[in-house]
Amino acid sequence: MKESNSAYESIDGYITTFSPKVQEILLTLRKVIKEEAPEAKEKISYQMPTFELHGNLVHFAAFKKHIGFYPTPSGIEAFQEELKGYKQSKGAVQFPIDQPLPYDAIRKIVQYRVASNMEKAAAKSKKKKEE
């Protein structure tokens, strides 16, 4: 992985720094996220590929032995059953690089995050109109 003090210009730039095997995983993960959140904007945040839609949607990153997926704490909490068996923290889950990623679960999590962010944006917009 690239040195932490150097900045990635884009998600493409980030992905190209990895081995072909890891690039393939990251490209598939990116495709799945884009399919479920086509309006989301891509950027690099915290030196990680990030999708933004009315705020941060999800981040992901590759490490030596796993792919980190960061759908915020609510995204982890809502899908405990699907993520059982994977190492987790409050807002992250680790998918071992040597195993297929659970793309169906990732799709559901991204859909959940999109709905959650859209709901928050609508509530914020409604509140502003009432003021």
Side-chain angles (χ1 to χ4, degrees):
M1 199 160 137
K2 210 169 182 187
E3 290 178 32
S4 62
N5 65 350
S6 54
Y8 296 102
E9 298 293 318
S10 66
I11 292 179
D12 288 323
Y14 178 91
I15 291 172
T16 62
T17 64
F18 294 94
S19 71
K21 176 190 171 195
V22 174
Q23 285 184 37
E24 189 177 323
I25 295 167
L26 295 175
L27 288 168
T28 302
L29 178 56
R30 180 189 196 183
K31 180 176 179 267
V32 166
I33 295 167
K34 285 171 90 167
E35 286 171 356
E36 300 308 320
E39 288 98 50
K41 181 181 154 218
E42 289 188 350
K43 68 178 189 173
I44 296 289
S45 184
Y46 303 106
Q47 292 300 302
M48 292 186 284
T50 300
F51 285 79
E52 187 179 71
L53 183 68
H54 302 290
N56 284 338
L57 199 58
V58 297
H59 306 271
F60 64 86
F63 297 92
K64 192 172 186 176
K65 296 183 183 225
H66 71 274
I67 302 295
F69 183 62
Y70 307 89
T72 75
S74 68
I76 298 293
E77 290 165 19
F79 293 90
Q80 281 300 302
E81 196 58 36
E82 287 90 336
L83 298 175
K84 205 166 31 181
Y86 294 104
K87 188 174 179 183
Q88 299 173 41
S89 64
K90 187 177 176 184
V93 60
Q94 295 180 4
F95 301 122
I97 253 171
D98 60 356
Q99 296 174 21
L101 266 63
Y103 292 113
D104 286 342
I106 291 167
R107 279 184 193 285
K108 290 178 192 171
I109 293 168
V110 174
Q111 290 168 357
Y112 172 84
R113 292 288 302 126
V114 166
S116 176
N117 279 15
M118 297 298 279
E119 212 172 276
K120 281 183 192 165
K124 199 174 181 180
S125 175
K126 184 180 177 190
K127 188 177 178 185
K128 274 188 175 177
K129 285 179 184 171
E130 291 172 356
E131 288 176 356

Using the side chain to side chain contact (heavy atoms under 4.5 Å, CB included) criterion, which residues pair with His66? Sequence neighbours excluded.
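Applying side chain to side chain contact (heavy atoms under 4.5 Å, CB included) to His66 gives Phe63, Gln94.
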In Å and rounded to the nearest 0.5 Å, what is the [atom1] to [atom2] distance from [X] to [Y]?
X     : Y     : atom1 : atom2 : value
Met48 : Asn56 : CE    : CG    : 9.0 Å
Thr50 : His59 : OG1   : NE2   : 4.5 Å
Ile44 : Ile11 : CD1   : CD1   : 5.5 Å

For Pro96 and Leu101, the nearest pair of non-hydrogen atoms, with its separation, is O-CD1, 4.5 Å
Nearest atoms (heavy-atom pairs only) where Tyr14 meets Pro49:
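Shortest heavy-atom contact: CD2-CG, 3.4 Å.
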Are any non-hydrogen side-chain atoms of [X] and [Y] less than 4.5 angstrom apart?
X      : Y     : value
Ile15  : Tyr8  : no
Met118 : Leu53 : yes
Pro73  : Ile76 : no
Ile97  : Lys21 : yes
Ile106 : Val58 : no

Under 3.5 Å, which donor-acceptor pairs do the side chains of residues 25-41 form with other protein atoms, sequence neighbours left out?
residue, atom, partner, partner atom, Å
Thr28, OG1, Glu24, O, 2.9
Arg30, NE, Glu42, OE2, 3.0
Arg30, NH1, Asp12, OD1, 2.6
Arg30, NH2, Asp12, OD1, 3.4
Arg30, NH2, Glu42, OE1, 2.7
Lys31, NZ, Glu35, OE2, 3.0
Glu35, OE1, Arg107, NH1, 2.8
Glu35, OE1, Arg107, NH2, 2.7
Glu36, OE1, Gln111, NE2, 2.7
Glu36, OE2, Arg107, NH1, 2.7

Among residues at least two apart in sequence or on other chains, which ones pass side-chain hydrogen bond (donor to acceptor under 3.5 Å, both in side chains) with [X]?
X      : value
Asn117 : Arg113
Gln80  : Gln88
His54  : none
Ser74  : Thr72

Are any side-chain N or O atoms of Tyr70 and backbone N or O atoms of Leu57, one a donor and one an acceptor, separated by less than 3.5 Å?
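Between the backbone of Leu57 and the side chain of Tyr70 there is no qualifying donor-acceptor contact (under 3.5 Å).
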Scan for salt bridge (charged side-chain N to carboxylate O under 4.0 Å, His left out) pairs involving residues 63-79, sequence neighbours excluded, and state none if there are none.
none
Take Val110 and Phe69, measure what side-chain contact (heavy atoms from CB on, under 4.5 Å) needs, and give me the verdict at the end.
CA-CA 11 Å; Val110 174; Phe69 183 62; 4.1 Å; yes
How would you list all residue pairs meeting ring pair (Phe, Tyr, Trp, His ring centres under 6.0 Å) that involve residues 88-121, not counting sequence neighbours?
Phe79-Tyr112, Tyr86-Phe95
Partners of Lys43 by salt bridge (Lys or Arg N to Asp or Glu O under 4.0 Å), sequence neighbours excluded?
Glu52
Any residue meeting salt bridge (Lys or Arg N to Asp or Glu O under 4.0 Å) with Lys84, in chain and number order, not counting sequence neighbours
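Lys84 satisfies salt bridge (Lys or Arg N to Asp or Glu O under 4.0 Å) with Glu81 once adjacent residues are dropped.
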